[in-house]
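Just so it is clear: chains get the letters A, B, ... in the order the sequence lines come, proteins before strands, and each one is counted from 1.
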Number of protein chains: 2
Amino acid sequence: MPGRNGRGRIGGRKWQGMVRGCGYRLTIPRRAVMEVLSSTDEHLSAEEVYHRVHDQYPAVGLTTIYRTLELLFGLGLVSRLDFGDGRARYELSAGSPKGHHHHLICTKCRKVIDYTEFIKDELEFLERAEKGLAEKYDFEIRDHVIQFRGLCKDCKDRNNK
Amino acid sequence: MPGRNGRGRIGGRKWQGMVRGCGYRLTIPRRAVMEVLSSTDEHLSAEEVYHRVHDQYPAVGLTTIYRTLELLFGLGLVSRLDFGDGRARYELSAGSPKGHHHHLICTKCRKVIDYTEFIKDELEFLERAEKGLAEKYDFEIRDHVIQFRGLCKDCKDRNNK
DNA sequence: CTTGATAATGGAAATCATTTTCAATAAGAA
DNA sequence: TTCTTATTGAAAATGATTTCCATTATCAAG
């Protein structure tokens, strides 16, 4: 039964407590957006989220989708990604069925590969760097972005032909 | 004589050969944009570049600045950065007086710190990761983005007060 | 289970960065 | 100096995201 989202229930459903706990109400649009993000491993734009939510709840408007994504992003429940195509993209951050991962972006065809390799290696590096930077610059580091950009197999080949 | 840009001449002035070599003409706007980017260590938006160029050459229009930045970015002479404030920012990539560095971004006040520490460490990690990813996904990696995001000293303190 | 205060919503209009259009201009090969 | 054509500038178009504001729905309190 695919689509049931790997490790089960929507990110653990802890998000609801998170939302209520911060004094926000639990509304249809908020549930719907979380539902959509939980049941995909794609990196959806606001409009794409809107379309999917709209299928279930035609009354929900695009404006609300933007507001909701912003809220969830602010709470750290959702990651906002920039792949350089002029629109923000979103994915569940913690509890994502994908786990900790980063992105490999083809600058030609805009394909995005999520990779989880080298993460061990990376965590070591990140830990050292974060600690060092936090100390030296008195910064409270909350997040990091690591992306590799280049040409995917197809675009690379197409270039050389 | 500050402003003369540390290690001297505009990124080595090799860029002109690069531009001509690729069949592009050497024009006032192109020189002016390179001049502006060479003489600052800030991360300028297109509009900011426009204003500075405009001071010297009032005839140059904003559209051309956009086009020029796009061109220079395509040639790899300029890096396009995204700090999440809804506008692209630019800096000289190679030959920059700043050398290889990454960014530490305050998500509250939008201050950006360029850091060069831990780069050695990082290069090792990057090398391994790039090689591994390139192989596994048959990807030609051309660039990477590493950012740390969080709260700077001031915003952190202001939060706790 | 009501009720009421007010957070949240939806649609339309507004913003704002960036892109496109197109006629006028200028770089540079000949 | 001339000519071809890349480049430019101004204005209009675009497209993502935000703002406005009157309406609606959540949920704490009764």
Let me know the distance between [atom1] of [X] and [atom2] of [N], rounded to the nearest Å.
X        : N       : atom1 : atom2 : value
Arg25(B) : dC3(D)  : CZ    : C1'   : 11 Å
Asp85(B) : dT18(D) : CG    : P     : 12 Å
Tyr57(A) : dA8(C)  : OH    : P     : 18 Å
Asp82(A) : dT18(C) : CG    : C1'   : 14 Å
Arg87(A) : dT17(D) : CZ    : C1'   : 12 Å
Tyr24(A) : dC27(D) : OH    : C1'   : 17 Å
Leu26(B) : dG28(C) : CG    : C1'   : 10 Å
Gln16(A) : dT26(D) : CD    : P     : 14 Å

Any salt bridge between [X] and [Y], counting N to O under 4.0 Å?
X         : Y         : value
Arg87(B)  : Glu47(B)  : no
Asp82(A)  : Arg89(A)  : no
Arg52(A)  : Glu42(A)  : yes
Glu140(A) : Lys153(B) : no

_Whether Ser39(B) side chain and Val36(B) backbone form a donor-acceptor pair below 3.5 Å_ =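 Checked: pair present.
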
*Verify side chain to side chain contact (heavy atoms under 4.5 Å, CB included) between Met18(B) and Leu77(B), making sure each step is shown before the conclusion.*
CA-CA 9 Å; Met18(B) 174 98 230; Leu77(B) 292 167; 4.0 Å; yes

*In terms of the angle between their ring planes, are His103(B) and Phe83(B) parallel, tilted or perpendicular, with boundaries placed at 30° and 60°?*
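Taking Phe83(B) first and then His103(B), their aromatic rings stand perpendicular (interplane angle over 60°).
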
*asked:* Can you classify the ring geometry of Phe148(A) versus Tyr115(A) as parallel (below 30°), tilted (30 to 60°) or perpendicular (above 60°)?
replied: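 Correct class here is tilted.
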
*Shortest non-hydrogen contact from Gly84(A) toward Arg110(A)*: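 Distance-wise, the nearest heavy atoms are O-NH2, 3.2 Å.
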
*asked:* Minimum heavy-atom separation for Cys22(A) and Leu75(A), please, with both atom names.
replied: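 The pair with the smallest heavy-atom distance is SG-CD2, 3.7 Å.
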
*asked:* My understanding is that only residues two or more places apart in sequence, or in another chain, count here; which of them pass side chain to side chain contact (heavy atoms under 4.5 Å, CB included) with Lys111(B)?
replied: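 Here the qualifying residues are Cys106(B), Cys109(B), Cys152(B), Asp154(B).
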
_Residues in ring-ring contact (aromatic ring centres under 6.0 Å, His included) contact with His54(B), at least two apart in sequence or another chain_ =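 If we apply the ring-ring contact (aromatic ring centres under 6.0 Å, His included) test to His54(B), skipping adjacent residues, the hits are Tyr50(B).
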
*asked:* Both Arg31(B) and Gly86(B) contact DNA chain C. Taking the nearest nucleotide for each, which residue is further toward the 5' end?
replied: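 It is Gly86(B), whose closest nucleotide lies nearer the 5' terminus.
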
Pairs: protein N or O with nucleotides 28-30 of chain D N or O, under 3.5 Å:
| residue | atom | partner | partner atom | Å |
| --- | --- | --- | --- | --- |
| dA28(D) | OP1 | Arg20(A) | NH2 | 2.4 |

*State whether Arg30(B) places a side-chain N or O below 4.0 Å from either non-bridging phosphate oxygen (OP1 or OP2) of dT8(D).*
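For Arg30(B), the contact criterion (side-chain N or O under 4.0 Å from OP1 or OP2 of dT8(D)) is met.
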
*When clusters are formed by joining ILVMFWY residues with side-chain heavy atoms under 4.5 Å apart, either directly or through shared neighbours, do Leu92(B) and Val145(B) land in the same one?*
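Unlinked, Leu92(B) and Val145(B) end up in two clusters.
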
*Rounding to 10 degrees, work out the angle separating the end axes of the helix from dC1(C)-dG30(D) to dA30(C)-dT1(D) (five pairs an end).*
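If I round to tens, the end axes sit 40° apart.
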
*asked:* I need the residues from residues 44-55 of chain A with at least one non-hydrogen atom less than 4.0 Å from DNA chain C; give them sorted by number, or say none.
replied: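 The answer is none.
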
*DNA chain C contacts among residues 63-72 of chain A, heavy-atom distance under 4.0 Å*: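 Those residues whose heavy atoms fall under 4.0 Å from DNA chain C, taken from residues 63-72 of chain A in numerical order, are Thr63(A), Thr64(A), Arg67(A).
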
*Could Arg80(B) and Phe73(B) be counted as a cation-pi pair, given that NZ or CZ must be under 6.0 Å from the ring centre and within 45° of the axis?*
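Checked: cation-pi criterion met.
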
*If you check the Thr27(A) side chain, which of dT18(C), dG10(C), dT9(C) turns out closest?*
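Closest nucleotide among those given: dT9(C).
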
*If you check the Leu62(A) side chain, which of dT17(D), dA26(C), dA8(C) turns out closest?*
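The closest nucleotide is dT17(D).
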
